[in-house]
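Input: a single structure, listed below in structure tokens.
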Amino acid sequence: MSDFNTDLPLSARAMAARPAPYLEGLNPAQRQAVEALDGPVLMLAGAGTGKTKALTARIAHLLNSGRAFPSQILAVTFTNKAAREMKLRVGGYLGEAVEGMPWLGTFHSISAKLLRRHAELVGLKSSFTILDSDDQLRLLKQLIAATNIDEKRWPARLLAGIIDQWKNHAWTPEQVPAREASAFNNRGTEIYAAYQDRLKTLNACDFGDLLLHCIRIFQVHPDVLETYQTRFRYILVDEYQDTNIAQYLWLRLLAGGHKNICCVGDDDQSIYGWRGAEVGNILRFERDFPGATVVRLEQNYRSTPHILAAAGQVIAGNEGRLGKTLWTEAETGEKVRLIGHWDGEEEARWIGEQIEDLQRGTRGLAPFALNQMAILVRASHQMRAFEDRFLTIGLPYRVIGGPRFYERMEIRDAMAYFRLAVSPGDDLAFERVVNTPKRGLGSETQKKIQRIARVNGVPLVQGAAMAIEAGEIKGKGAAQLRRLIENIARWNHSVSGTFTPSTVSNDELIIDDEDVGVAARVFESGASAESHIELAEQILEESGYTEMWLNDKTPEAPGRLDNLKELVKALESFENIQGFLEHIALVMDNDSDGSVDKVSIMTLHGSKGLEFPVVFLPGWEDGLFPSQRSMDETGSKGLEEERRLAYVGITRAEQLCTISFAANRRVYGQWQAQMPSRFVDELPADHVDILTPPGLYGGGGMAATMAQSSVEDRAMRADAYNSPGWRRFQAAQSRPAAQPRQASKMVIDGTALPVFEEGARVFHTKFGYGRVASVDGDKLFVEFEKSGPRHIVARFVVPADQADDLPF
DNA sequence: AACAGTTCTTAGGTA
DNA sequence: AAGAACTGTT
């Protein structure tokens with residue numbers, strides 16, 4: 001643990017050169033948060049209150065005051081983007097002298113780093129691979145198949161989700177509580193245990209394991225824990241409201257000694273409950289860490305008063321908050337704008353026009369660049385309408401947080417080849433690409449290979465070789481398979497040759513002595529003229545993978561080839577392939593070029609931490625936002641989380657925030673009448689402008705009604721939209737006009753649904769006639785005459801006597 | 001084993 | 001509506 005020697009000159013120099021530039025321009029609260037260095041600190045930082053500024057200033061202060069060297073600060077974020085930004089800003093405070101903070105990163109990347117050092121303590125080798133969700137799913141499918149469970153009724157996806165949640169709670173298979181025993185057809189824990197065994201055999205772990213293994217190591221080996229408790233003299237955690245139980249335990253163990261832990265967060269922005277985040281962590285902080293200093297950052301530097309008021313009113317509907325009141329010195333500015341549209345397409349059209357207007361600088365506001373505008377949607381499928389429209393009118397846009405670069409099929413395939421080159425025994429990689437490109441090795445052949453490998457207790461490649469020798473695989477397939485096996489062996493040899501230990505330029509991969517030691521053990525250096533980049537190209541070439549896409553005539557093929565080129569290019573910043581594999585598994589996200597002027601389209605979740613002068617929030621309709629699923633799953637808890645999402649959305653806006661909803665939207669390919677979101681009702685009338693879109697055709701919709709009611713009386717309008725009755729009225733208004741437009745397809749009516757009572761005879765398009773056995777809200781339990789008893793959502797059935805009226 | 005055509009499922013967010 | 005999963009045919 002040689003952290004001390006290298007860093008010393010830095011802080012000395014920084015201290016002498018600049019007294020404390022990072023303290024300048026901090027408000028009193030921020031300053032308090034920065035200067036309370038010792039002991040537990042909770043920084044409750046509302047949206048736009050200069051949280052990152054305070055956090056980075058705190059790091060600078062720790063370094064500058066001589067309390068810690070860069071390597072003695074553990075700073076944890078959730079996203080790589082946040083980690084990168086913090087690095088950049090800390091560097092900015094202290095000048096280039098900062099070599100970087102080796103322990104600033106995401107929970108996952110830091111855990112991976114720790115785990116590589118101590119892998120053997122949990123029965124792994126330090127060269128373990130990190131599974132992506134594809135691998136994980138494939139593995140689970142195999143395990144499910146081995147248990148005689150019907151995979152249709154119990155899909156691997158579901159199990160993956162369950163295991164994920166268990167890991168979020170830091171439960172090993174033995175620790176899963178008894179009340180969970182019924183999970184996955186009573187076999188959940190059993191398969192979970194089998195899965196963990198399998199991972200160990202494969203020398204692999206999934207994302208959750210990165211943390212769990214670390215926790216386990218800390219718990220079982222107090223000496224190791226103590227090493228790190230001593231090393232990390234100060235701990236900082238960003239977005240604390242998003243931590244799950246495993247992360248909480250991880251932190252508590254590491255902070256256990258000195259308790260110099262500073263957690264930053266905002267309970268009002270906790271939006272990841274669905275993936276295991278525990279708001280309770282932040283609500284409980286003062287009990288977990290007695291004597292904690294609690295600092296509230298409430299002065300907002302981002303948004304206008306109207307925007308803050310709207311956000312504040314909405315979030316006030318939640319209970320159990322720690323409570324903050326944002327205030328600002330900013331000028332009044334524009335009110336939040338609210339507008340309803342006929343349908344989703346029109347909403348997209350209108351927003352497109354607005355963006356063009358704002359770009360030109362109408363409305364008395366200064367012109368905005370496209371980069372300054374964003375559309376934040378609840379669900380990613382909403383993005384489509386905007387993409388379609390913007391393509392039509394030629395408006396440049398960028399989708400943020402779509403499928404990540406490394407999640408694309410071609411990248412995963414290429415990565416699987418690289419993984420095979422690095423470790424030929426990587427069975428999951430082998431399975432992925434044995435028959436990609438097509439080598440005439442179908443499922444039957446693959447089963448043979450698996451059987452032989454299992455019987456002999458060897459990896460699949462070796463099993464494949466044995467299968468050929470034993471004459472179990474013949475003909476074309478055998479020849480192709482033989483070539484693949486030879487290729488893998490040769491690539492593997494080359495990989496060893498291209499490894500050259502030296503300083504890595506990329507700061508994600510700072511290699512200290514220990515790391516080099518590990519790497520050197522894994523890769524004996526040998527002479528080879530090839531660079532790892534040439535090797536990568538060679539692998540893609542010789543495997544036939546590039547050729548496969550060259551011969552592919554689908555429109556996506558060129559794009560995929562481009563991606564492969566990009567992948568190879570990305571290798572340039574690494575010294576070797578295996579370092580690259582680590583990076584891509586954990587760190588790489590596709591930050592598309594921010595230099596080009598484009599409108600951003602992203603999900604509300606993806607927008608957290610960002611800000612834009614102009615923000616559009618479309619699709620505020622009940623069922624979509626708040627999402628029905630969220631409310632179904634966790635009831636009022638879910639609704640509160642949705643409300644926080646609304647709060648996050650509104651507070652992204654600096655100057656202009658526009659909320660909209662549509663009366664009709666296509667859901668699962670079917671038109672549905674929509675009701676404005678209940679959050680629309682929660683907006684404060686005094687801070688909202690209701691817009692009437694010019695040229696809204698038809699005139700029967702709710703927008704037209706708003707126009708008519710625009711009759712001089714603002715209060716009346718406000719009152720109108722602010723009452724629950726208003727939205728019913730509007731929904732009702734829009735309906736008659738909806739039918740003719742979609743003459744062939746019936747618009748399923750939101751409010752005029754027949755109310756079903758027990759015993760009623762009903763008809764369903766697919767299941768035929770049946771009798772309602774019980775009613776639970778809009779869910780019916782129907783005993784169908786032909787297809788037996790089923791749970792059905794009421795809107796899918798009609799009274800039996802109306803069966804003829806169905807248009808399908 | 002590969003392909004084409006068909007049916008079924010899916011449409012919350014993510015490291 | 002779109003993609004995945006499945007079926008039957010060559």
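Nothing here was measured: the structure is a model prediction, and the numbers come from that model.
Summarising the geometry, the separation between CE on Met631(A) and P on dG13(B) is reported as 16 Å, rounded to the nearest angstrom. Taking atom CG of Asn435(A) as the reference point, atom C1' of dA2(B) lies 10 Å away to the nearest angstrom. Whole-Å rounding puts the Asn168(A) CG to dT14(B) P distance at 15 Å. Atom pair His605(A):NE2 and dA15(B):P shows a separation of 11 Å (rounding to whole Å applied). If you measure from atom CG of Asp164(A) to atom P of dA15(B), you get 13 Å, rounded to the nearest angstrom. Taking atom NE2 of His381(A) as the reference point, atom P of dG12(B) lies 6 Å away to the nearest angstrom. Residue Ile400(A) contributes atom CD1, which lies 15 Å from atom C1' of dT14(B) at whole-angstrom precision. Distance Arg157(A) CZ to dT14(B) C1': 13 Å, rounded to the nearest Å.
Under the 6.0 Å distance and 45° angle rule, Arg116(A) counts as a cation-pi partner of Phe128(A). Judged by the 6.0 Å distance and 45° axis criteria, Arg389(A) is not positioned over the aromatic ring of Phe386(A).
When each of dA2(C), dA15(B), dG12(B) is scored by its nearest atom to the side-chain atoms of Ser627(A), the top-ranked nucleotide is dG12(B). Looking at the side chain of Ser443(A), the nearest of the listed nucleotides dA1(B), dA2(C), dG12(B) is dA1(B). In the set dA15(B), dG12(B), dC3(B), the nucleotide with an atom closest to the side chain of Lys438(A) is dC3(B). In this structure, the nucleotide among dA15(B), dA5(C), dA2(B) sitting nearest to the side chain of Thr106(A) is dA15(B). Side chain of Ser380(A), nearest nucleotide from dA2(B), dA15(B), dG13(B): dG13(B). Distance from the side chain of Thr603(A) is smallest to dT14(B) among dA5(C), dT14(B), dA2(B).
Ser630(A) comes within 4.0 angstrom of a nucleotide base, judged by non-hydrogen atoms across all strands. Using a 4.0 Å heavy-atom distance criterion, Phe78(A) is classed as a sugar-phosphate-only contact. Base contact: Arg378(A) has a heavy atom under 4.0 Å from a base atom. Base engagement by Glu642(A) is indicated by at least one non-hydrogen atom pair under 4.0 Å involving a base atom. Residue Gln446(A) is classed as having no contact, given no heavy-atom separation below 4.0 Å to the nucleic acid.
For Asn244(A), no side-chain nitrogen or oxygen approaches OP1 or OP2 of dA15(B) to under 4.0 Å. Put simply, Thr445(A) has a side-chain N or O that comes within less than 4.0 Å of OP1 or OP2 on dA1(B). Contact between the side-chain N/O atoms of Arg629(A) and the OP1/OP2 oxygens of dG12(B) is found at a separation under 4.0 Å.
At a cut-off of 3.5 angstrom, the base of dG12(B) holds no donor-acceptor pair with the side chain of Trp274(A). Arg275(A) contributes no side-chain N or O that forms a donor-acceptor pair with the base of dG13(B) under 3.5 Å.
Each of Gly442(A) and Gly606(A) was assigned the nucleotide of DNA chain B with the nearest heavy atom; the assignment lying further toward the 5' end belongs to Gly442(A).
The shortest distance between side-chain heavy atoms of Tyr192(A) and Ile162(A) does not fall below 4.5 Å. With contacts defined as side-chain heavy-atom distances shorter than 4.5 Å, the pair Thr52(A)/Glu85(A) qualifies. Contact check for Gln450(A) versus Gln142(A): side-chain heavy atoms found under the 4.5 Å cut-off. At least one side-chain heavy atom of Pro626(A) sits under 4.5 Å from a side-chain heavy atom of Phe679(A).
Nucleotides dA5(C) and dG12(B) have their C1' atoms positioned 23 Å apart, rounded to a whole Å.
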